[in-house]
Visitor: 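Okay, handing you the structure first.
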Amino acid sequence: MDVDLFRSSLGPLVLGAVKGTIPLALASFAIGLVLALLVALMRLSRNKLVAGLGRFYVSVIRGTPLLVQLFVIFYGLPAIGVKLDPWPSAIIAFSLNVGGYAAEVIRAAILSVPAGQWEAGHMIGMSRGQALLRIILPQAARVSVPPLSNTFISLVKDTSLASLILVTEMFRAAQQVAAFSQEFMLLYLEAALIYWVICLVLSTAQAQLEKRLDRYVAH
């Protein structure tokens, strides 16, 4: 192994993670969560049309590869006159993808809250919307933390696909250094190592958060 190359390339790769991978994942996850909540509420709506639209969205997102979604937005939309830069394209694609998967997590979390909680809210004069915001969603949030954390960890790894539309994130930086040095195995393994470290940190944070939230659950 070329130790000097490993050391010299570590800086650009870490910089790519700090300036590209992590911000891309955070922005996409935040937008995706908002979208997921809306879609989850649509799926739970008593209006069949609204519920059907939510179901259709989830079906399309979960039934097509993320790479295809990314390419449709970046390469496909210009065919109908909508041209987006790489970064907005990546954020839109990842946000829509997170929205489709996280919507089912949030919907399941809401359904896991006992029906008596809704009734309790109504008995003290709350509307359905007030009961949802003040009683149901806080309880559903605790239940949804583990699967949503896993979704975020998966998203961090999936951001490597953004390199295919020229977004300068960590894997793109590894490709550029590898193309110059011709040490593809070394650079790709180094990128894999950094992804692994990031995911280990996130997994540890997830475990601590779950442990903290578990204090408020009666056993």
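Since the model is a prediction, treat every value here as computed from it, not as a measurement.
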Visitor: Enumerate the side-chain hydrogen bond (donor to acceptor under 3.5 Å, both in side chains) contacts for residues 13-27, please, sequence neighbours excluded, ordered by first and then second residue.
Guide: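 Of all non-adjacent pairs touching residues 13-27, none passes side-chain hydrogen bond (donor to acceptor under 3.5 Å, both in side chains).
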Visitor: So, using side chain to side chain contact (heavy atoms under 4.5 Å, CB included) as the criterion, who are the partners of P146 when residues are at least two apart?
Guide: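 So P146 forms a side chain to side chain contact (heavy atoms under 4.5 Å, CB included) with Q206, E210.
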Visitor: Please name all residues satisfying side chain to side chain contact (heavy atoms under 4.5 Å, CB included) with I80, sequence neighbours left out, ordered by chain then number.
Guide: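 Checked I80 against side chain to side chain contact (heavy atoms under 4.5 Å, CB included); matches are L77, V82.
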Visitor: Between F71 and Y75, what is the ring plane arrangement, given parallel below 30°, perpendicular above 60°, and tilted in between?
Guide: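 Because their plane-to-plane angle is over 60°, the rings of F71 and Y75 count as perpendicular.
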Visitor: Kindly list each side-chain donor-acceptor pair under 3.5 angstrom involving residues 162-174, sequence neighbours excluded, with atom names and distances?
Guide:
unit_1 : atom_1 : unit_2 : atom_2 : d
S163   : OG     : S160   : O      : 2.7
E169   : OE1    : F171   : N      : 3.0
E169   : OE1    : Y195   : OH     : 3.3
E169   : OE2    : F171   : N      : 3.3
E169   : OE2    : R172   : N      : 2.7

Visitor: The criterion is side chain to side chain donor-acceptor pair (under 3.5 Å); which residues satisfy it with S8, sequence neighbours excluded?
Guide: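 Not a single residue meets the side chain to side chain donor-acceptor pair (under 3.5 Å) criterion with S8.
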Visitor: Scan the side chains in residues 129-141 for donor-acceptor partners under 3.5 Å anywhere in the protein, sequence neighbours excluded, and list what turns up.
Guide:
unit_1 : atom_1 : unit_2 : atom_2 : d
Q130   : OE1    : S127   : N      : 3.0
Q139   : NE2    : Q117   : OE1    : 2.9
Q139   : NE2    : I135   : O      : 3.1

Visitor: Salt bridge (charged side-chain N to carboxylate O under 4.0 Å, His left out) with E190: which residues, sequence neighbours excluded?
Guide: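 E190 satisfies salt bridge (charged side-chain N to carboxylate O under 4.0 Å, His left out) with no other residue.
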Visitor: Do any side-chain atoms of residues 45-52 form donor-acceptor pairs under 3.5 angstrom with protein atoms, and if so which ones, sequence neighbours left out?
Guide:
unit_1 : atom_1 : unit_2 : atom_2 : d
S45    : OG     : N47    : N      : 3.0
N47    : OD1    : L49    : N      : 2.9
N47    : OD1    : V50    : N      : 3.2

Visitor: Would you list the atom pairs, donor with acceptor, under 3.5 Å between side chains in residues 34-42 and any protein atom, with sequence neighbours excluded?
Guide:
none

Visitor: Using a 3.5 Å cut-off and no angle test, enumerate the donor-acceptor pairs between side-chain atoms of residues 197-204 and protein atoms at least two apart in sequence or in another chain.
Guide:
unit_1 : atom_1 : unit_2 : atom_2 : d
S203   : OG     : C199   : O      : 2.8
T204   : OG1    : L200   : O      : 2.9

Visitor: Return each pair, listed once, that meets ring pair (Phe, Tyr, Trp, His ring centres under 6.0 Å) where at least one residue sits in residues 22-56; pairs must be two or more places apart or across chains.
Guide: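 Sorted result for residues 22-56: F29-F152.
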Visitor: With side-chain hydrogen bond (donor to acceptor under 3.5 Å, both in side chains) as the rule and sequence neighbours excluded, what pairs involving residues 90-104 come up?
Guide: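 Output for this query lists R43-E104, Q69-N97, E104-R107.
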